[in-house]
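In listed order, ligands and their atoms are each counted from 1.
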Amino acid sequence: MVNPLEGSAGVNGHRVADESLLNDEKSMLGNDPGGMLRATASAGAQVRETAALAAEVDLSMLADEGRPRAVVVAGIGTAGLTGNILSTVAGPRCPVPIIGHRSAGIPGWVGAADVVIAVSASGRSPEALAAAEAAARRGARLVAIGNPDSELEAMAERARAPFIGVPRRAPARATLWGLAVPVLLAGRALGLVKVTEADIAETATRLDADAERCRPGADSFVNPAKALALGLAGSVPIVWGSSPLATVAARRFADTLAANARYPAMAGALGEAGRGRVGLLDGVFGGLAEGSRDIFADPDDEDEAVTRLRLVVFRDGGLNPEDDADEPVAVEERRADAIQTLADRRGVRCDVLTAEGGSTLERLASLVAVPDFASLYLALAHGLDPMAVPAISEMKELSNPMPEGLS
Ligand SMILES: O=P(O)(O)OC[C@H]1O[C@H](O)[C@H](O)[C@@H](O)[C@@H]1O
């Protein structure tokens, strides 16, 4: 095994991924002292728990004044992604615009006719707090979602707005489902999404089943997350989604690859990539790198000096009824087939994940669960603690104003 490298700042790790680090369950868990694998495996439980917690909160006042003019979902990072989830589950026919807002406060036009959903796992992000405060000041309907006994809860209380508490047991990025379900249920109370109890139960069951397939004790032959992680090791991942739903999952994967595994990943919609970024397949990290590969070389002894793209295509599975989608399903499917052909012609390796499940929510879960685990296994294969985020803390420290008297 290669010696771990020490970055000049930040965390320790191995530059080259080492599969053997994923083989011994006990030592692997020791390399995950914060319990990110365990927290990620709780996704199904988070869905059930927060659906029950949300059911105890009276959300009827949200709908009292009728359909809002617009809904703003305010939050940053993982909390911000819940806005994309709400809007994708609501679908293109949603009669009310759903706008994600990721900077402090709320847009200038928000007023009494609108609803603000302020989301923060910690209950103290300046973005969500400023949004809740501004919503209350401008008379917009407010619902707040996040850590109980937090500033956000206090703010909701002062504004007499409903608050859905999401127990905080792990970093925000491992609490996606705990945050997303209350956001969806607030959307349902507003009449914007059709999420049934059965959809929620089936989504939770699927997340449990995927956690079981991706469990630390299952080796890479049977564990799809370890296999995905090892395939991505050493590459520059590009994650493209075939539909709006698949694109939300693609963005989530890029977020977890960056935060957990510290991999630079590019994510986006295949429709848009096909008009521009698809050119990457012909570039230095694409076809040009593949062309230089020695076909007689031992596949286990790859030339590690060459960095290559690795494509991950998330396919929606073609279940959208034609009249409810942005684009006909056939177009999405053809495009997803086409990108695989392009990759194949250039020798760029490509993984394909296809959504499964009956409801939009379950299909989304089926594209998020395995990649979430893959981001953790990729970190662990490099000997990186997936929870430690020194660069994020350092960034906060350096960019926050000094407390008074300490300048
Ligand atoms: O959900 P919150 O507690 O408001 O956190 C929002 C975001 O803030 C942090 O900077 C974390 O690095 C992110 O992972 C998190 O999603």
Nearest-contact summary for atom 4 (O) of ligand 1 - protein heavy atom, Å: Ser120 OG, 2.6 Å

Nearest neighbour in protein (non-hydrogen) for atom 6 (C) of ligand 1: Ile76 O, 3.3 Å

Expected output: side-chain Tyr377 to main-chain Leu228 donor-acceptor under 3.5 Å: no

Any donor-acceptor N/O pair, Glu25 side chain to Arg215 backbone, under 3.5 Å: no

For residues 73-81, tabulate all N or O donor-acceptor pairs below 3.5 Å that involve a side-chain atom, not counting sequence neighbours.
none

Element-labelled atoms of ligand 1 that are located less than 4.0 Å from some non-hydrogen atom of [X]:
X: Gly77; result: 16 (O)
X: Thr78; result: 16 (O)
X: Ile392; result: 12 (O)
X: Ala79; result: 1 (O)
X: Ala172; result: 1 (O), 15 (C), 16 (O)

Atom 9 (C) of ligand 1 touched by protein heavy atom at under 4.0 Å: yes

CZ-CG distance between Arg349 and Leu232, expressed to the nearest 0.5 angstrom: 10.0 Å

Thr50 side chain to Gln46 side chain, donor-acceptor N/O pair below 3.5 angstrom: no

Polar contact flag, side-chain donor to acceptor under 3.5 angstrom, Asn260-Arg173: yes

Can you confirm, on distance only, whether ligand 1 has an N/O atom lying under 3.5 Å from any N/O atom belonging to [X]?
X: Lys396; answer: yes
X: Ala121; answer: yes
X: Arg173; answer: no

Tyr263 and His382 aromatic ring geometry - parallel, tilted or perpendicular at 30°/60° bounds: tilted

Which donor-acceptor pairs under 3.5 Å do side chains of residues 190-202 form with protein atoms, sequence neighbours excluded?
{"from": "Thr196", "atom 1": "OG1", "to": "Ala198", "atom 2": "N", "distance (Å)": "3.4"}
{"from": "Thr196", "atom 1": "OG1", "to": "Asp199", "atom 2": "N", "distance (Å)": "3.0"}
{"from": "Thr196", "atom 1": "OG1", "to": "Asp199", "atom 2": "OD1", "distance (Å)": "3.1"}
{"from": "Thr196", "atom 1": "OG1", "to": "Asp199", "atom 2": "OD2", "distance (Å)": "3.3"}
{"from": "Glu197", "atom 1": "OE2", "to": "Arg188", "atom 2": "NH1", "distance (Å)": "2.8"}
{"from": "Glu197", "atom 1": "OE2", "to": "Arg188", "atom 2": "NH2", "distance (Å)": "3.0"}
{"from": "Asp199", "atom 1": "OD2", "to": "Thr196", "atom 2": "N", "distance (Å)": "3.0"}

Best match, Ser393, Gly75, Ser122, Gly80: closest heavy atom to atom 3 (O) of ligand 1: Ser122

